[in-house]
Amino acid sequence: MDCNDTVTAEVCREDDIGDGELCEVMVAGYPVLLVRDKMEFSALGSRCPHYGAPLSKGVLRGHRLRCPWHGSCFNIKTGDIEEYPSLDCLPCFKVTVEDGKVFVTAKKKDLESSLRVKDMSKRCLLNRNTMLLLGGGVAALTCAETLRQEGFTGRIIMATKEKHAPYDKSKLSKEMNLKAEDIYLRKPEFLCAHGIELWTEKEAASVDFQKQKVHFMDGSSQKYNQLLIATGGHSSFLKVPGADLQNVCHLQTPEDASKVLELASGKNLVIVGASFIGMETAAFLSDKAAAISVVEKQEFPFQKTLGPQVGGVVLKMLQSKGVKFYMKKELHELKGKDGKVAEAILASGEKLPADVVVVGIGVTPNSAFLKGTSIAKDNSGAILVDLRMQTNIPNVFAAGDVVSFPVALLNGDHSSIHHQQVAEAHGSIAAFNMLKKQKELHTVPFFWTTMLGRSIHYAGCGKGYTDTVLKGSLEEQKFLIFYLKDGFVTAAASLNCDPAVSLIAEVLYLGEKISKEEAEAYNINNICL
């Protein structure tokens, strides 16, 4: 059969699938997702383009299908992406019903792929407008792609201090043995084909907002019609003696990950901060380093975000792999030998052998190049934006880890949320408004952390939560925990309870309230809520 050949296959009987059901069927040896919504059938690619999750295990609400693993949403009628982190859409196939039998018709090449890149407009040299995007992460990438998808034909420039095309930063601490090219979200050839200029190793030095011009570290400059600032953040620096010694590392780039892996193999590793980066690094290196010590001011890992219950589970998981924790302790000094770090000294006086130190104590916005300008920032240096990603300066937008934005689940209070999915949503919304297509941010934050083959999924914004409801068992590592504020759920986290968090994300997205009583009545073995 030629790859362009069309095949039609009988996949089931009409009464085999009830309203609202998701079913994986086979067409010419390929899995296809069959969906029945209000007695109408749809057929789509069966795997999420993000990480390949089986969408038959997802959550369907109306025309929106949400991935069970990481929360991507797709329209079942069109296959179009409606919520990140997936960048791509699903292929759609024709469904017919004859004499009670359901048939799916598809081209073989579409069956083979299970993803579809959304159509983008071509670059037109007659359009002299320039969209300048500072940053090479997911916020800038989704902005660039959305601009093309929405018909912009002018010039798009992504200028980044990185050496690489946009890559999946979430994997730096989860899979430290990967090369940069292995985690590219889009290859340079893809960007070139869609008229998106990628300027690597091009760091912004300053911005003249009046002249609408960016000056770069290499002495060059570039004018813009619309500017997106998506420069992200950097790992906060240690403020102790010895912080500048060799082999004190921050996990920012693929090269950093490779360096830490090489330095830590068979050696003594000290991790400062029981953050997501710190814990994922400890998990990945637990069978590679000679010894791993974690130093943390709080009592449990992730305490401010996930709380002591989930933090306690992670603590035990890593302790079982030999990771030693020094909780409620502070680093006092790093001592070296021949210019390289050799020892970590705690405020308590304890001394830890340290051939390499990984720092994971928070994120600082990359906004220093805006010093002296009139752009509005908060006390941390995060750029203040509204729900359209607009700053206080005309024609200037900002997105991703560098911003503080109004969060619906915090009653509109500003906050910085450092999640990949949020950054992607920011970039897309910025693009619409750069094109004067008025659109406001409407998303539920969704993130995940993976350690030792187990993934904890989290949706919502539990900042300032005052109560929790636990379902399942922490000891058995199968649980769902609700975070509540003022009597209602604002976030949820789970381990081995998919697709519970995706369901809760969708409920919160629809603006529905989940009371403490409803949370307490929730059955983790039944996804209805």
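Hydrogens, waters and symmetry mates play no part in the numbers below; they use all other heavy atoms, side chains included. This is a predicted model, so every value here is computed, not measured. Along the sequence shown, residues are numbered consecutively beginning with 1.
- Between G472 and I524, the shortest heavy-atom distance links the atoms CA-CD1, 3.8 Å.
- Looking at T391, its side chain does come within 3.5 Å of a backbone N or O of V396 through a donor-acceptor pair.
- Environment of CD in E476: sparse, with no more than 12 heavy atoms of neighbouring residues, nucleotides or ligands closer than 6.0 Å.
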Inset, instruction - Please assess T449 against Y458 for the test side-chain contact (heavy atoms from CB on, under 4.5 Å), listing each intermediate value before the final yes or no. - result: CA-CA 9 Å; T449 181; Y458 178 100; over 6 Å; no

Legend entry - Residues D498, K57; criterion side-chain contact (heavy atoms from CB on, under 4.5 Å); working and verdict: CA-CA 8 Å; D498 295 339; K57 306 292 185 183; over 6 Å; no

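- For H332, the NE2 atom sits in a loose shell: 12 or fewer heavy atoms of surrounding residues, nucleotides or ligands are nearer than 6.0 Å.
- Side-chain atoms of N433 come within 3.5 Å of backbone N or O of K439 as a donor-acceptor pair.
- Nearest heavy-atom pair across G58 and P68 is CA-CD, 3.8 Å.
- Residues I504 and A492 approach most closely at CD1-CB, 3.7 Å, considering heavy atoms.
- Looking at heavy atoms from C-beta onward, K174 lies in side-chain contact with W448 at the 4.5 angstrom threshold.
- For K101 and F103, the positive end is not near the middle of the six-membered ring at less than 6.0 Å and at most 45° from its axis.
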Inset, instruction - Give the intermediate values and the outcome of salt bridge (Lys or Arg N to Asp or Glu O under 4.0 Å) for residues E512 and R61. - result: CA-CA 13 Å; E512 298 173 12; R61 282 292 180 274; over 6 Å; no

Legend entry - Worked verdict on E424 versus T142 for side-chain hydrogen bond (donor to acceptor under 3.5 Å, both in side chains): CA-CA 6 Å; E424 290 178 77; T142 54; 5.9 Å; no

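- For residues 397-417, no residue pair satisfies the salt bridge (Lys or Arg N to Asp or Glu O under 4.0 Å) rule, not counting sequence neighbours.
- The main-chain N or O of C67 is found under 3.5 Å from a side-chain atom of S502 such that the two form a donor-acceptor pair.
- Within a 6.0 Å sphere centred on NZ of K297, other residues, nucleotides and ligands contribute 12 heavy atoms or fewer.
- If you take SG on C143 and CE on M434, they are separated by 4.5 Å, rounding to the nearest 0.5 Å.
- Closest approach of E296 to A274, counting heavy atoms only: OE1-N, 2.7 Å.
- Taking 4.5 Å as the limit, every side-chain heavy atom of H63 sits out of range of all side-chain heavy atoms of E82.
- Using a distance-only test at 3.5 Å, with no hydrogens or angles considered, no donor-acceptor pair links the side chain of H426 to the main chain of A398.
- The two atoms that bring V270 and A354 nearest to each other are CG2-CB, 3.6 Å, heavy atoms only.
- Of all heavy-atom pairs spanning E14 and V97, the tightest one is OE1-CG1, 3.6 Å.
- Ring orientation note: the planes of Y465 and Y483 are nearly perpendicular, at an angle over 60° on the 30°/60° scale.
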Inset, instruction - Check step by step if side-chain hydrogen bond (donor to acceptor under 3.5 Å, both in side chains) holds for T443 and E83. - result: CA-CA 8 Å; T443 190; E83 184 67 275; 2.8 Å; yes

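- Aromatic ring centres of F237 and H250 lie closer together than 6.0 Å.
- Checking D80, D110, D88, T78 one by one against R116, the side chain to side chain donor-acceptor pair (under 3.5 Å) holds for a single residue, D80.
- Remark: K169 is not positioned above the aromatic ring of F276, lacking an NZ or CZ atom under 6.0 angstrom from the ring centre and at most 45 degrees off the axis.
- Atom CG of D15 has more than 12 neighbouring heavy atoms from other residues, nucleotides or ligands inside a 6.0 Å radius.
- A distance below 6.0 Å separates the ring centres of H442 and Y509.
- Within the structure, side chain to side chain donor-acceptor pair (under 3.5 Å) contacts touching residues 314-327 (residues at least two apart or in different chains) do not occur.
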Legend entry - H234/N366 under side-chain hydrogen bond (donor to acceptor under 3.5 Å, both in side chains): CA gap, chis, key distance, verdict: CA-CA 6 Å; H234 62 267; N366 287 329; 2.6 Å; yes

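- Without hydrogens or angle criteria, Q421 side chain to F446 main chain gives a donor-acceptor distance under 3.5 Å.
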Inset, instruction - Just do the side-chain contact (heavy atoms from CB on, under 4.5 Å) check on V356 and C249 with the steps written out, would you? - result: CA-CA 7 Å; V356 56; C249 304; 4.0 Å; yes

Inset, instruction - Begin from the C-alpha positions of L33 and L65 and carry the test side-chain contact (heavy atoms from CB on, under 4.5 Å) through to its verdict. - result: CA-CA 11 Å; L33 181 69; L65 172 62; 3.4 Å; yes

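- N392 places no side-chain N or O within 3.5 Å of a backbone atom of I375 that could act as its donor or acceptor partner.
- For K478, the NZ atom sits in a packed shell: over 12 heavy atoms of surrounding residues, nucleotides or ligands are nearer than 6.0 Å.
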Inset, instruction - Let me see the working for E40 and K77 under salt bridge (Lys or Arg N to Asp or Glu O under 4.0 Å), right down to the final yes or no. - result: CA-CA 10 Å; E40 186 177 334; K77 300 301 179 185; 3.4 Å; yes

